[in-house]
Amino acid sequence: MDKLLIQGGKRLSGEIAISGAKNAALPILCAGLLTAGDLELSNVPHLHDVATMLKLLGQTGLKVDQDGERVTLNGSAITKLEAPYEMVKTMRASILVLGPLLARFGEAKVSLPGGCAIGSRPVDQHIKGLQALGAEISIEGGYIYAKCKKLKGTRIVTDMITVTGTENLLMAATLAEGETILENAAREPEVTDLAHLLVAMGARIEGIGSDRLVIQGVPELHGARHAVISDRIEAATFLCAVAAAGGDITLRNTRTDIMDAALDKLREVGLEMTIGDNWIRAQMNRRPTPVSFRTTEYPGFPTDMQAQFMAVNTVADGASRVTETIFENRFMHVQEMNRLGAAIETDGNTAFIKGVEQLVGAPVMATDLRASASLVIAALAARGETLVDRIYHLDRGYDRMEVKLSAVGADIRRIK
Ligand code: EPU
């Protein structure tokens with residue numbers, strides 16, 4: 001299992017190019033199931049989760065051509081309407097094939113995802129929504145069996161805001177008969193990116209970017225070209241790294257208009273930023289100011305940045321409070337950060353952080369994707385050597401993070 005060896009205390013300086021967004025690319029790849037035409041995608045990030053999704057889609061009969069960050073999909077010969085447990089258990093986003101397969105072929109068999117390190121993460125809203133669209137769904141032997149003649153548009157109000165739930169129902173509704181209204185829809189930029197692709201494929205969607213999506217079903221969708229949006233979480237992760245370790249970096253290929261919540265907090269931290277349309281220059285020459293926040297749905301503070309900001313808070317000049325409201329168990333990084341000398345206590349879904357002058361390197365274990373990134377940030381700020389174990393989590397969602405960090409002066413090495 002690969003590990004990362006980090007010598008902390010180096011200032012970061014130079015340029016980093018941000019990749020396409022994981023959480024936009026995954027649903028967008030699944031949209032390839034909705035059409036017999038070619039989907040020509042660019043800015044697809046180089047990630048384990050993308051490779052897993054392409055393998056899963058390939059098993060259905062979807063034709064996949066990959067050339068670096070370009071992926072072309074063709075869905076004219078899909079034969080296997082299934083997502084097996086072996087694949088779904090390694091990546092929950094596999095559930096995103098359910099809506100498209102059902103809508104286009106009237107049938108799908110998808111494994112239930114099961115538990116997850118950050119919370120129980122049920123998919124009941126996906127299932128209830130598809131049932132409301134007329135699907136017959138049963139659960140047997142750990143699998144969701146879904147069937148329908150033709151999905152029929154209806155009004156769906158989800159019990160909570162769900163990102164992949166919205167994406168699954170949105171994709172299904174594009175091929176349903178008549179009008180579907182999705183209330184309480186997720187407004188995350190990744191949902192919006194998917195909606196823009198679907199429109200390019202011939203879908204009729206109104207209210208894109210809002211919490212009310214109105215979809216007029218069409219009989220079929222056609223091929224399209226699309227560039228995946230820039231990863232706002234990857235960009236904000238590197239900004240946290242410079243906020244914690246100090247330095248002067250410029251990020252390229254960013255979408256600064258979808259990062260307000262994180263950028264506001266980084267300003268509070270004391271990061272000096274100059275922001276262009278698609279670049280950010282960030283300078284940090286002092287100890288961070290602590291920031292308190294609660295995670296919420298977009299446009300609020302993203303849960304996917306909670307751990308990385310906590311890493312910044314561990315070395316800040318004072319105390320802070322972080323409340324996680326989206327997932328019930330997303331504090332697995334706390335004990336690992338405390339091994340580096342951080343002073344964090346938790347009470348339920350709130351963490352209380354007392355900033356310390358200096359973290360000290362130690363062996364730590366990555367537990368999930370964003371927790372891994374937060375440990376890398378803490379290690380960059382720490383004195384001495386940190387060994388981060390189980391970085392396969394990191395590889396799932398960050399495009400060659402250690403390569404990008406060493407290019408800006410970090411002392412970070414992958415150990416096979
Ligand atoms: N929920 C339910 N029932 C459902 C769906 C969701 O109870 O049917 C609950 C979840 O358990 C959670 C909350 O609703 O407590 C929100 O979950 P959501 O469905 O929005 O999460 P997701 O779609 O499974 C996506 C991202 C996550 C990100 C969350 C929240 C993808 C592939 N994943 O997950 O990304 O944290 O939205 O923004 O888009 C990551 O990239 O590290 C990551 C975990």
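One-based numbering, in listed order, for ligands and for the atoms of each. The analysis underlying the following values was restricted to heavy atoms, covering all of them including side chains, and did not include hydrogens, waters or symmetry mates. The structure displayed is predicted, hence computed values, not measured ones.
When non-hydrogen atoms are compared, ligand 1 lies under 4.0 Å from the side chain of Leu369 (C-beta onward) but not from its backbone. Contacts between Glu297 and ligand 1, counted as non-hydrogen atom pairs separated by less than 4.0 Å, are absent for every part of the residue.
Between Tyr85 and Tyr143, the distance separating the two ring centers is not shorter than 6.0 angstrom.
Of the candidates Arg330, Arg370, Glu328, it is Arg330 that places a heavy atom closest to atom 44 (C) of ligand 1.
Those atoms of ligand 1 that come under 4.0 Å of a heavy atom in His126, given as number and element, are 8 (O). Atoms of ligand 1 lying under 4.0 Å from at least one heavy atom of Gln125, given by number and element, are 3 (N), 4 (C), 8 (O). Counting the atoms of ligand 1 from 1 in the order shown, those under 4.0 Å from a heavy atom of Lys22 are 40 (C), 41 (O). Annotation for ligand 1: atoms under 4.0 Å from non-hydrogen atoms of Thr164 are 22 (P), 23 (O), 24 (O), 31 (C), 32 (C), 39 (O).
Take Lys3 and apply the salt bridge (charged side-chain N to carboxylate O under 4.0 Å, His left out) test, not counting sequence neighbours, and it matches no residue.
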- For the pair Gln131 and His126, evaluate side chain to side chain donor-acceptor pair (under 3.5 Å) and give the outcome as yes or no after the intermediate values. CA-CA 9 Å; Gln131 282 170 329; His126 303 233; over 6 Å; no

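Look at Pro122 and you'll find a heavy atom under 4.0 Å from some atom of ligand 1. Assignment of Arg121 to the shell around ligand 1 is supported, since a heavy atom sits closer than 4.0 Å.
For the pair Lys109 and Tyr145, the NZ or CZ position fails the cation-pi test of under 6.0 Å to the six-membered ring centre and within 45 degrees of the ring normal.
Two residues are said to be in side-chain contact when any heavy atoms from C-beta on lie closer than 4.5 Å; Pro84 and Gln59 meet this criterion. Between Glu385 and Leu5, some side-chain heavy-atom pair lies under the 4.5 Å cut-off.
With hydrogens left out, the protein atom closest to atom 32 (C) of ligand 1 is Asn23 OD1, 3.4 Å, a heavy atom. Closest protein heavy atom to atom 25 (C) of ligand 1: Val163 CB, 3.8 Å. Closest to atom 36 (O) of ligand 1, if we only count protein heavy atoms, is Asp304 OD1, 2.6 Å. Of the protein's non-hydrogen atoms, the one nearest atom 30 (C) of ligand 1 is Thr303 CG2, 3.8 Å. At the top of the distance list for atom 12 (C) of ligand 1, counting protein heavy atoms only, stands Ile326 O, 3.4 Å. In terms of protein heavy-atom proximity, atom 3 (N) of ligand 1 is nearest to Asp124 OD1, 2.7 Å. When hydrogens are left out, the protein atom nearest atom 21 (O) of ligand 1 is Phe327 CZ, 3.9 Å; that is the closest non-hydrogen contact. Protein heavy atom at the shortest distance from atom 1 (N) of ligand 1 is Met160 SD, 3.7 Å.
Between Arg155 and Glu183 there is a salt bridge, since at least one side-chain N of the basic residue sits less than 4.0 Å from a carboxylate O of the acidic one. At a threshold of 4.0 Å, the pair Glu234-Lys404 counts as salt-bridged, since one of the basic side-chain nitrogens sits closer than that to a carboxylate oxygen. A salt bridge is absent between Arg370 and Asp368: the closest approach of a Lys/Arg side-chain nitrogen to an acidic carboxylate oxygen does not fall below 4.0 angstrom. Classification of Glu190 and Arg232 as a salt-bridged pair holds, one side-chain N sitting under 4.0 Å from a carboxylate O. A salt bridge links Lys128 and Asp159; the closest N-O separation between the charged side-chain nitrogens and carboxylate oxygens is under 4.0 Å.
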